[in-house]
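Working notes for the structure below.
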Amino acid sequence: MKVSEYFIFSLREPPRDAESKSHILMMRGGFIKRIAAGIYSFTPIGFKIIKNIEKIIREEMERINCYEVQLPLLTPAELWQETGRWDTYGKELFRLKDRNERNFCLAPTHEEIITDLVRFAVKSWKQLPFSLFQIGQKYRDEARPRFGIIRAKEFIMKDAYSFDRTEEEAKNTYKKFFDAYCRIFDRLKLDVIPVEAAVGAIGGKFSHEFIFFTDYGEDKVMICNSCSFISKKEISSFFLDTDKLLNEIKSKMETIPSKQKVYTPSTTTVESLSEYLKVPISQIIKSFFVETQSGKHILALIRGDRQISEDKLKLVIKEDFKLADEIKVREIFGAGKGFIGPLNFKGRIIADKTILTCTNGIVGADEDDYHFINIIPGRDFEISEIHDIALAEEGDICPNCKKGTLKERVGLELGHIFYLGEKYSSPMRLEFTDKDKNKRYVIMGCYGIGISRTASAIFEKYGEGENSVVLPYEIAPFKVHIIPINTKDDVIFSTAMKIYSELKDVAIIDDRDDTSPGEKFADCDLWGAPIKIVVGKLLKEKGKVEIIYRHERKREEMRPEEINEKILPYILSQPAPKGSP
RNA sequence: CGGGGCAUAGCUCAGGUGGAAGAGCGUUGGCCUUGGGAGCCAAAGGUCGCCGGUUCAAAUCCGGCUGCCCCGACCA
């Protein structure tokens, strides 16, 4: 490509509305252009990056016999009502009506659409298993789009869906995708780690997120500093020796004086209570009263300095829930939030194991402005259910090796795979007849990669400050960037053009004759080619040109006629870029 | 959805006690120059986000709105 004939540009200064490294670099290099919050256009070089990522993904999907389809973005409400997601997906779903007032939405994901396609055709066990994928836009009305295309309202995604006959078969398929994902991120030259994750709105039985660690991430992960344990923060467990704690409690039953009601006016938060009573927050037992989707009431107890993980609590309760409102709390406990406790509650109590350290605890007295002190769990109230529902914190003991401590890191979720089971095939009646003439639901899985987000991740990793990025060979829009220093010098320019004609398929040449060398170098840094060829004074002095391998920070002098035989094989060998974050 | 910030030329930003709209870069034409966004001359380029109010007079003061960015909540 010749710069003079191409649509390509750069920004001299970082744009006002960009802050993260990838966003700044993608804007400055002219890869993307914002059109509204979370909505971007891709320029020719920006789109080349997307297509290069897609190429890798397509090859790896084909390798596991996953076939490409194209599903509509505009989808009728009826399909979403079949699974209930029309109501449960909430504000994130972009809803619209056609001229006949019929409801539609822009698809945020495609489980319903693909299930609709497959159920139309699949009837027999002989047609299974198989899997399908597509690459295309997704729409989510994000409350807060962020960091350029890292979190956008419209984004590009690869989503795949698998259809199996048995759980065992489906688990094998899941493993195949898991391995394919590892290969994909490997080829993308990104350090991405599979992490066990909560299933969220997609649902299903289990899932893995593929996390890329970076400063501008939005996902929190807990990692052990001594073993290989790693987990999403919201579902991460941590080690507490409950047996030991229970024994300690027994030994204190006699020594701690009996419970005593104390006046604690207006102490509706653990902080204010701890200050008023001059005791550590960790001595307080917090009570959360929740109402489940099916209308059950459950009291969850946790130590004052800890937070409940809603995802972990959900795993215990096995259904959705919300915090009960003030009216309900008053109806059941006769006191407001902040003054309720487990002493008189007759329903199900789920205690987090952290409260076992509260051997001289404090709980609400079920009476406004009063708490009880000298509370021992198991003595003053029954603890029939001890679970792990607390959010893990940095410094907690690793639940796996029980030796290391957990550290928190932020990352970006680039991929997410789900074992769905019958979550969609059952409500949408995707059935097949097995060998024994029994009707069965197809076992499904789904597998996503955020392609535009992955592009951002590459800029986060390979960006160097605000002025330069060196892209991996398989990703870069151009592998070689040729700079003739002086286009008006016939020898220099014709030599540069000759080199360009030999490398045409992988190269861009900056043939602009009105542009200073400094500007060409600056643009070269921003446009990301891993190899830079400079044709200038060295040609006059020694008859040579300069090759700069930007990843390796290596410089070589070469006669122009050597280039073809040396550079192309070098590019084809796709050397692994140096450095890791 | 809560909190904070910003909005003036294509871009990055000054200005502001109310009284003729500014710079740098970019663009166009001319010259000069060719190893890190170089220099000189000339020119074009604006509804100072929108609506309303105060005033003889508003980019500037007041009220409302919108958009964008950041923190948080939310979120495959």
Side-chain angles (χ1 to χ4, degrees), chain A residues 9-20 23-24 27-28 30 33-39 85 88-93 107-111 138-148 150-153 155 157-161 195 197-204 206-211 216 218-220 232 234 310-311 412-420 423 445-450 453 466-468 483-489 492-493 496 510 512-526 532-541 545-546 548 555:
Chain A
F9 56 90
S10 63
L11 305 182
R12 182 177 290 249
E13 287 163 283
R16 192 212 316 252
D17 52 10
E19 180 143 321
S20 66
H23 192 192
I24 290 173
M27 292 288 286
R28 282 205 62 201
K33 152 82 173 70
R34 190 182 61 77
I35 193 160
I39 306 176
R85 286 209 291 183
T88 57
Y89 215 102
K91 287 186 180 172
E92 288 224 337
L93 197 59
T109 173
H110 278 83
E111 285 81 11
K138 292 280 180 281
Y139 295 86
R140 289 180 197 173
D141 194 359
E142 293 283 354
R144 174 136 109 90
R146 255 206 274 215
F147 307 142
I150 284 182
R151 179 164 181 176
K153 292 198 178 198
F155 57 99
M157 184 168 179
K158 187 277 316 189
D159 47 324
Y161 305 88
V195 178
V199 292
I202 301 282
F206 54 90
S207 84
H208 283 87
E209 285 186 21
F210 288 77
I211 299 281
Y216 286 96
E218 1 194 64
D219 294 274
K220 290 176 178 161
K232 285 302 293 293
E234 62 259 24
E310 292 194 14
D311 287 290
L412 258 187
E413 171 194 347
L414 298 184
H416 200 160
I417 61 179
F418 298 81
Y419 179 93
L420 294 173
K423 160 110 182 161
C446 76
Y447 316 86
I449 293 180
R453 179 180 281 184
E466 293 185 352
N467 300 314
S468 175
I483 300 179
I485 293 295
N486 184 353
T487 49
K488 298 201 168 97
D489 183 307
I492 287 176
F493 190 63
D510 198 338
R512 291 175 293 183
D513 56 12
D514 58 350
T515 306
S516 70
E519 192 169 343
K520 291 182 180 178
F521 284 124
D523 280 341
C524 173
D525 291 347
L526 284 169
K532 171 163 68 175
I533 298 181
V534 183
V535 186
K537 64 184 177 200
L538 208 63
L539 188 69
K540 301 281 180 146
E541 292 164 5
V545 299
E546 286 166 88
I548 290 102
R555 186 179 163 279

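Residue numbers begin at 1 in each chain, while the letters A, B, ... track the order of the sequences.
- For A9(B) and A23(B), the C1' atoms lie 11 Å apart once the distance is rounded to whole Å.
- You won't find any donor-acceptor pair under 3.5 Å spanning the side chain of K537(A) and the base of U34(B), going by distance alone.
- Interatomic distance, I492(A) CD1 to K537(A) NZ, rounded to the nearest 0.5 Å: 10.5 Å.
- No engagement by I417(A) is indicated, since no non-hydrogen atom pair under 4.0 Å with the nucleic acid exists.
- Nucleic acid contact class of K232(A) (heavy atoms, under 4.0 Å, all strands): none.
- When distances are taken from the side chain of R34(A) to each of C69(B), G35(B), C1(B), the shortest belongs to C69(B).
- Rounding to the nearest 0.5 angstrom, the gap separating the NZ atom in K532(A) from the NZ atom in K520(A) is 13.0 Å.
- Taking atom C1' on both G5(B) and U47(B), the two are 25 Å apart, rounded to the nearest angstrom.
- Nearest-nucleotide assignment on RNA chain B puts the 5′-proximal partner with P15(A), out of P15(A) and S20(A).
- Phosphate proximity of C75(B) to R146(A): absent, as no side-chain N or O sits under 4.0 Å from OP1 or OP2.
- With G36(B), C70(B), C74(B) as the choices, the nucleotide that has an atom nearest any side-chain atom of A143(A) turns out to be C74(B).
- Two residues, S10(A) and G450(A), neighbour RNA chain B, and the one matched to the more 5' nucleotide by heavy-atom proximity is S10(A).
- Here the separation of U17(B) from U12(B), taken at their C1' atoms, is 28 Å to the nearest Å.
- Here C6(B) sits opposite G67(B) as a Watson-Crick or G-U wobble pair (both hydrogen-bonding atom distances under 3.5 Å).
- With 3.5 Å as the limit, one finds a donor-acceptor pair spanning the side chains of D159(A) and Y161(A).
- Regarding D17(A), its CG atom lies at a distance of 19 Å from the P atom of G5(B), rounded to whole Å.
- D489(A) comes within contact range of no nucleotide atom at all, as no heavy-atom separation falls under 4.0 Å.
- As a whole-Å value, the separation of E142(A) CD from C1(B) P is 15 Å.
- Between H208(A) and F210(A), the distance from one ring center to the other does not fall under 6.0 angstrom.
- Nucleotides A20(B) and A59(B) place their P atoms 11 Å apart, quoted to the nearest Å.
- The separation of C68(B) from C31(B), taken at their C1' atoms, amounts to 42 Å, rounded to a whole angstrom.
- Nucleotide A9(B) holds its P atom 14 Å from the CD atom of E13(A), rounded to whole Å.
- One C1' atom belongs to C75(B), the other to A7(B), and the distance between them is 29 Å to the nearest Å.
- Listed nucleotides C70(B), C1(B), C68(B) differ in distance to F147(A); the shortest reach to its side chain belongs to C70(B).
- In this structure, the CD atom of E466(A) is 18 Å from the P atom of C11(B), given to the nearest Å.
- Within the 4.0 angstrom heavy-atom criterion, base atoms lie near K488(A).
- Using a 4.0 Å cut-off between charged side-chain N and carboxylate O, K153(A) and D141(A) make a salt bridge.
- Here the closest heavy-atom approach between residue M27(A) and residue K33(A) is recorded as SD-CA, 4.4 Å.
- In this structure, I24(A) atom CD1 and C68(B) atom P are separated by 19 Å, rounded to whole Å.
- Between the side chain of N486(A) and the base of G35(B), no donor-acceptor pair under 3.5 Å is found.
- No N or O donor and acceptor, one from the side chain of R16(A) and one from the base of C69(B), sit under 3.5 Å apart.
- Closest contact between the side chain of R144(A) and the listed nucleotides G36(B), C71(B), C75(B) involves C71(B).
- With a cut-off of 3.5 Å on both pairing distances, the Watson-Crick or G-U wobble partner of A42(B) is U28(B).
- Spacing between atom CG of D514(A) and atom P of G30(B) amounts to 12 Å, rounded to whole angstrom units.
- Taking atom NZ of K91(A) as the reference point, atom P of G2(B) lies 9 Å away to the nearest angstrom.
- Base-pair partner of C61(B): G53(B) (Watson-Crick or G-U wobble, both distances under 3.5 Å).
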Stepwise side-chain contact (heavy atoms from CB on, under 4.5 Å) check, I483(A) with C524(A): CA-CA 8 Å; I483(A) 300 179; C524(A) 173; 3.9 Å; yes

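- Note: NZ (K153(A)) to P (C68(B)) measures 8 Å, nearest angstrom.
- In a base pair of the Watson-Crick type (N1 to N3 plus N6-O4 or O6-N4) or a G-U wobble (N1-O2 and O6-N3), with each distance short of 3.5 Å, G22(B) is matched with C13(B).
- Counting any heavy atom pair closer than 4.0 Å across all strands shown, R453(A) reaches no nucleic acid atom.
- Using a 4.0 Å heavy-atom cutoff across all strands shown, E310(A) reaches no nucleic acid atom at all.
- Checked by distance alone, K33(A) brings no side-chain donor or acceptor within 3.5 Å of a matching partner on the base of G10(B).
- Side-chain atoms of A37(A) lie closest to C68(B) of the nucleotides G35(B), C68(B), C75(B).
- Separation of the P atoms belonging to C50(B) and U55(B) is 23 Å when rounded to the nearest angstrom.
- In this structure, R34(A) CZ and D17(A) CG are separated by 4.5 Å, a value rounded to the nearest 0.5 Å.
- Across all strands shown, G72(B) is found opposite C1(B) as a Watson-Crick or G-U wobble partner, with both distances under 3.5 Å.
- With hydrogens and angles ignored, a donor-acceptor pair under 3.5 angstrom links the side chain of R151(A) to the base of C74(B).
- Donor-acceptor pairing under 3.5 Å, judged by distance alone, is absent between the side chain of E519(A) and the base of G35(B).
- The closest side-chain donor-acceptor pair between S207(A) and E209(A), if any, does not fall under 3.5 angstrom.
- Across the C1' atoms, G10(B) and G26(B) are found 7 Å apart, a figure rounded to whole Å.
- Using a 4.0 Å heavy-atom cutoff across all strands shown, L538(A) reaches at least one base atom of the nucleic acid.
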